[in-house]
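Heads up: the structure comes next, in structure tokens.
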Amino acid sequence: MSIAIHSHHCHTLLTSCKNLRGLIQIHASFIKSGVDTNSYFTGKLILQCAISIPDALPYARRLLLCFPHPDAFMFNALIRGYSESHEPHNSVAAFVEMMRKGLVFPDSFSFAFVVKAAASFQSLRTGFQMHCQALKHGLDSHLFVATTLISLYGECRCVEFARKVFNEMRQPNLVAWNAVVTACFRGNDVAAAKEIFDKMLVRDHMSWNVMLAGYTKAGELESAKRVFSEMPLKDDVSWSTMIVGFAHNGSFNEAFSYFKELRRAEMRPNEVSLTGVLSACSQSGAFEFGKTLHGFLEKTGYCWIISVRNALIDMYSRCGNVAMAKLVFEGMPEKRSIVSWTSMIAGLAMHGHGEEAIRFFNEMTQSGVRPDGIAFISLLYACSHGGLIKEGEYYFSKMKRVYHIEPEIEHYGCMVDLYGRSGKLKKAYNFICQMPISPTAIVWRTLLGACSSHGNTELAEQVKQRLNELDPNNSGDLVLLSNVYATVGKWKDVASIRKSMIVHKIKKITGWSMVEVGKAMYKFTAGEKKKGINVEAHEKLKEVILRLKDESGYAPEVANALYDIEEEEKEDQVSKHSEKLALAFALARLSKGANIRIVKNLRICRDCHAVMKLTSRVYGVEILVRDRNRFHSFKDGSCSCRDYW
DNA sequence: CTAGGGTTAG
């Protein structure tokens with residue numbers, strides 16, 4: 001009787017407790033009333049500590065160790081807690097400790113949790129060991145254990161083992177079927193996934209959604225579309241999977257149409273589809289559609305969801321309107337997460353507002369939000385794009401010293417960019433040589449880019465040698481090296497690169513640019529066949545170039561042309577760059593005085609940059625170009641990047 | 001008294 005009363009009391013006490021302090025008080029009351037020796041109550045206490053209270057895992061562990069004969073429930077609570085924490089390897093340690101005691105045997109729960117931990121850090125070795133132990137205890141075919149083993153093998157890209165475990169199950173349920181299909185997709189075995197799916201006799205929503213997610217992740221969008229049209233019932237997950245899937249694959253217009261269709265069907269979009277469609281706007285620079293969405297989000301109240309608001313901040317800054325991004329950010333006074341701050345810092349960085357980005361960073365730390373690795377990447381990126389070398393060095397050292405965040409390769413990459421961009425090429429080179437982790441191709445490529453903008457052929461050749469060891473046939477690197485030679489007029493070297501690219505069948509990445517006219521996005525590709533909007537763009541471009549030559553003495557800069565060809569031909573090649581076509585098209589179609597927004601997949605070239613500057617003055621328009629790295633805002637003949645990019 | 005499969009912003 002007294003236990004029953006206590007049990008109810010204990011339950012309400014524990015579920016209402018949200019922090020460690022409260023939990024310690026409950027523990028104290030347990031000791032006072034003498035139930036601290038009761039394994040049921042202590043088990044509950046450990047579970048609460050391990051999974052519901054942040055940073056209370058060490059306390060949970062001590063509770064268990066202090067208990068005379070901890071039972072399986074207690075160990076399971078600890079194993080589960082660690083498996084969901086940022087230190088899942090401790091889950092395995094707790095499991096081993098349980099086995100070592102020899103008095104408690106692991107049960108199906110223990111295996112399910114520990115296998116999940118192994119899956120989270122993708123350790124096939126640990127997975128195998130746990131699988132063997134499960135086999136020893138006769139639990140390897142247990143419904144839940146086997147299902148987690150299937151996901152583990154999926155995470156580790158071991159489709160064969162996943163299928164083996166599945167085939168040995170006596171009565172796999174729907175969840176197990178879905179898990180094995182997912183495992184096939186994870187291991188890139190799309191054919192096997194389809195084969196198993198076709199064999200399924202019973203399929204609910206989830207199975208179809210598994211197929212949608214699998215196909216979109218594999219980039220098989222046509223198959224995803226087919227499944228989507230065939231599935232008997234589409235829930236909100238189905239819709240969001242399509243929107244997110246298409247957005248990730250660069251099919252922004254299709255992502256938009258799925259969203260529009262969802263709204264036409266009068267369904268309620270969820271958080272995921274909203275962030276997905278906003279991400280499609282961000283990536284493609286669809287500012288007008290983004291604004292329309294913002295209106296809808298305000299009207300419906302969706303913009304009070306933090307993730308949606310963060311995506312909105314990102315949308316505005318990537319669409320070139322950092323002022324709107326700030327407004328959205330400032331409208332969420334209390335609940336700003338690390339993501340909100342980082343989006344804002346990254347947005348300011350992209351626009352070259354280095355000092356302001358630093359101010360935001362400091363404000364963030366003062367408000368009690370702890371920066372993480374990604375926040376530092378944005379901050380360092382802001383320093384390098386703003387030419388703030390001293391500041392960059394200061395925060396880079398602070399990262400380790402104050403916040404105990406070990407710099408990763410991306411951080412080192414930012415520092416190389418910081419030195420290289422400002423012309424301190426030797427310093428950048430020495431920095432790479434002294435890095436405690438080995439540099440990746442991306443790091444060397446950053447330096448190669450800096451050599452290219454500062455015309456240092458000698459170092460560029462040295463760097464290319466390093467790149468040859470890591471990623472020999474990268475087209476971008478060859479183009480960069482060729483640009484260095486072209487800058488100093490070494491046309492023979494340019495020609496030899498051209499030859500080797502032909503011999504090795506290495507193709508340049510085709511540059512494309514998108515421009516928004518009305519509410520539609522138009523895409524232009526360099527060297528495309530002249531038809532449709534392309535004809536219009538080319539004709540307008542001829543006129544624009546003539547006017548620029550006439551009124552502002554524009555002379556094409558051909559250094560970035562790849563080949564050793566006649567001057568006239570080089571000029572012709574540069575004049576076909578996609579951003580120029582997009583610009584001309586916008587000048588032809590947009591009403592006078594409207595801002596022009598262009599998004600490009602590669603870095604903008606020198607000549608295009610010059611043309612944009614002159615056009616902004618001669619035509620009296622504002623032009624915004626987002627290239628691979630940052631924003632360029634052209635106004636009255638100059639650019640916000642101060643020619644520093 | 002505790003589980004397993006699909007979509008989530010920097």
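Numbered from 1 within each chain, the chains take letters A, B, ... in sequence-line order.
Note on S279(A): nothing from the nucleic acid sits closer than 4.0 angstrom, heavy atoms only. Within 4.0 Å (heavy atoms only), D71(A) reaches no atom of the nucleic acid at all. Among the protein residues, I313(A) comes within range of no part of the nucleic acid, since none of its heavy atoms lies under 4.0 Å from any strand. Using a 4.0 Å heavy-atom distance criterion, S378(A) is classed as making no nucleic acid contact. Among the atoms of the strands shown, only primed sugar atoms or phosphate atoms (P, OP1, OP2) are found under 4.0 Å from some heavy atom of V244(A). Among the protein residues, D372(A) comes within range of the nucleic acid bases, having at least one heavy atom under 4.0 Å from a base atom. Across all strands shown, I243(A) has no heavy atoms under 4.0 Å from either base or sugar-phosphate atoms. Backbone-only engagement by D314(A) is indicated by non-hydrogen atom pairs under 4.0 Å involving sugar-phosphate atoms exclusively.
Put simply, chain A comes within 4.0 Å of DNA chain B, heavy atom to any atom, from dC1(B) to dG10(B), going 5' to 3'.
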Please tabulate, for side-chain N and O atoms in residues 379-386 of chain A, each donor-acceptor pair with protein atoms closer than 3.5 Å (sequence neighbours left out).
| unit_1 | atom_1 | unit_2 | atom_2 | d |
| --- | --- | --- | --- | --- |
| Y381(A) | OH | N629(A) | O | 2.1 |
| S384(A) | OG | Y381(A) | O | 3.3 |
| S384(A) | OG | D417(A) | OD2 | 2.9 |

Please set out all donor-acceptor pairs under 3.5 angstrom arising from side-chain atoms of residues 107-114 of chain A, sequence neighbours excluded.
| unit_1 | atom_1 | unit_2 | atom_2 | d |
| --- | --- | --- | --- | --- |
| D107(A) | OD1 | N76(A) | ND2 | 3.1 |
| D107(A) | OD1 | F109(A) | N | 3.1 |
| D107(A) | OD1 | S110(A) | N | 3.1 |
| D107(A) | OD1 | S110(A) | OG | 2.9 |
| D107(A) | OD2 | N76(A) | ND2 | 3.4 |
| S110(A) | OG | N76(A) | OD1 | 2.7 |
| S110(A) | OG | D107(A) | N | 2.9 |
| S110(A) | OG | D107(A) | O | 3.4 |

Extract all donor-acceptor atom pairs below 3.5 Å that involve side chains of residues 56-69 of chain A and protein atoms in other chains or at least two apart in sequence.
| unit_1 | atom_1 | unit_2 | atom_2 | d |
| --- | --- | --- | --- | --- |
| Y59(A) | OH | H27(A) | ND1 | 2.9 |
| R61(A) | NH1 | E97(A) | OE1 | 3.1 |

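The two residues S317(A) and H351(A) have their closest heavy-atom pair at O-CE1, 3.0 Å.
Partners of F121(A) by ring-ring contact (aromatic ring centres under 6.0 Å, His included), not counting sequence neighbours: none found.
Of the residues in residues 186-213 of chain A, those with a non-hydrogen atom less than 4.0 angstrom from any atom of DNA chain B are R186(A), D204(A), M206(A), N209(A), V210(A), A213(A).
Taking the six-membered ring where the residue is Trp, the centroids of W208(A) and F228(A) are separated by 6.0 Å or more.
A cation-pi arrangement is absent between K398(A) and Y403(A), since the terminal nitrogen or guanidinium carbon is not both under 6.0 Å from the aromatic centre and inside a 45° cone about the axis.
Between H131(A) and Y153(A), the ring planes are tilted. Angles from 30° to 60° get that label.
Side-chain atoms of E363(A) and S367(A) form no donor-acceptor pair, as typed in the model, at a separation below 3.5 Å.
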